[in-house]
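Notes to accompany the following structure.
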Amino acid sequence: MSTAPAAGTVPAPAAAGPIPAPSAGVGPAPAAGVTDDEPTATVSDPQPLREEEVTVIGTGFSPAEKVTAELPARLRGQLGSAVAGPDGTVSIPVRAPTALQAGAHEVVLRGSSGTTASTSVQLRPLVEDQLARLARWWPRD
């Protein structure tokens, strides 16, 4: 006599042993120097003083790709450009703009292939920025 599973239940799968792990090298290999990771961006000092030089660092770009640092909040906001190294990393030195409002400002790295990554810098109010600059030079005895 055979019994059917009760309504609404799913019969247990037959024991077939362990499922083999995929072997290395299965599937298409990525092109040399290309990663599956999305590009990322960071800045050496996320709260720079105005006119202070900082470095915008990008990773995950294609080797030898031209990458431009842009500041969308500023008309014609190109800050500089560089070429990514063999590991897809790029470093672009830029000066924190003087003529921007206080607050957070997005910095975008745009590769010639169209890939982008972004980070931000936080600018202080102009008076606070000047006081911080002055405090650096004030003698501390």
Side-chain angles (χ1 to χ4, degrees), residues 2-141:
S2 160
T3 59
T9 62
V10 178
I19 298 172
S23 60
V26 173
V34 176
T35 65
D36 291 333
D37 297 332
E38 292 291 317
T40 61
T42 57
V43 64
S44 61
D45 181 359
Q47 295 184 330
L49 297 175
R50 295 162 198 274
E51 289 300 313
E52 187 173 67
E53 187 171 286
V54 296
T55 303
V56 182
I57 303 157
T59 61
F61 289 93
S62 296
E65 180 174 14
K66 182 179 179 184
V67 180
T68 303
E70 301 172 354
L71 190 64
R74 197 168 130 193
L75 187 60
R76 288 183 238 109
Q78 185 171 335
L79 298 172
S81 62
V83 175
D87 62 353
T89 300
V90 63
S91 295
I92 304 172
V94 300
R95 290 211 176 271
T98 303
L100 282 181
Q101 292 180 341
H105 295 279
E106 181 182 32
V107 177
V108 176
L109 292 180
R110 186 176 312 280
S112 56
S113 67
T115 57
T116 61
S118 67
T119 188
S120 65
V121 292
Q122 180 78 29
L123 296 178
R124 300 167 184 86
L126 190 56
V127 171
E128 187 179 325
D129 192 69
Q130 293 301 322
L131 289 173
R133 189 179 309 277
L134 185 66
R136 285 183 177 177
W137 299 107
W138 199 263
R140 294 184 181 130
D141 289 329

Residues forming a salt bridge (Lys or Arg N to Asp or Glu O under 4.0 Å) with R95, sequence neighbours excluded: none
Side chains of E53 and V94 in contact at under 4.5 Å (non-hydrogen atoms): no
Minimum-distance pair of heavy atoms, taken over all atoms of A117 and T40: CB-C, 3.6 Å
Are side-chain heavy atoms of I92 and L109 found at a separation under 4.5 Å? yes
So, taking the atom named OG1 in T68 and the one named CD in Q78, what distance separates them when rounded to the nearest 0.5 Å? 5.0 Å
Measure the NZ-OG distance between K66 and S81 for me, rounded to the nearest 0.5 Å. 4.5 Å
Closest heavy-atom pair, P63 versus P86, reported as atoms and distance to 0.1 Å, is CG-O, 3.3 Å
Atom pair CD/OG of E106 and S120 - distance to nearest 0.5 Å: 8.0 Å
Does a side-chain heavy-atom distance below 4.5 Å link L79 with V107? yes
When you compare the side chain of R124 with that of L49, does any pair of heavy atoms fall below 4.5 Å? yes
Least distance between heavy atoms, S62 atom then A84 atom: O-CB, 3.4 Å
Roughly how far apart are F61 CZ and D87 CG, rounded to 0.5 Å? 12.5 Å
Taking only residues two or more places apart in sequence, or in another chain, which ones meet P97 in a side chain to side chain contact (heavy atoms under 4.5 Å, CB included)? L71, R74, L100
Would you please say whether a donor-acceptor pair under 3.5 Å links the side chains of T59 and T89? no
Short side-chain to backbone donor-acceptor contact, S118 and V108, under 3.5 Å: no
Between D45 and Q47, is a side-chain contact (heavy atoms from CB on, under 4.5 Å) present by the stated rule, with each step listed? CA-CA 5 Å; D45 181 359; Q47 295 184 330; 4.2 Å; yes
In sequence, state the C-alpha distance, the side-chain angles, and the governing distance for R50 and L123, and then conclude on side-chain contact (heavy atoms from CB on, under 4.5 Å). CA-CA 7 Å; R50 295 162 198 274; L123 296 178; 4.0 Å; yes
Check P48 against V54 and note the closest heavy-atom contact, atom names and distance. CB-CG1, 3.6 Å
Would you say S113 and E65 are linked by a side-chain donor-acceptor pair, where the criterion is simply a distance under 3.5 Å? yes
Are side-chain heavy atoms of V67 and S112 found at a separation under 4.5 Å? no
One thing to verify: whether R136 and E52 come together as a salt bridge, which I'm taking to mean a side-chain N less than 4.0 angstrom from a carboxylate O. yes
With the side chain counted from C-beta on, respond yes when S91 and V56 share a heavy-atom pair under 4.5 Å apart, and no when they do not. no
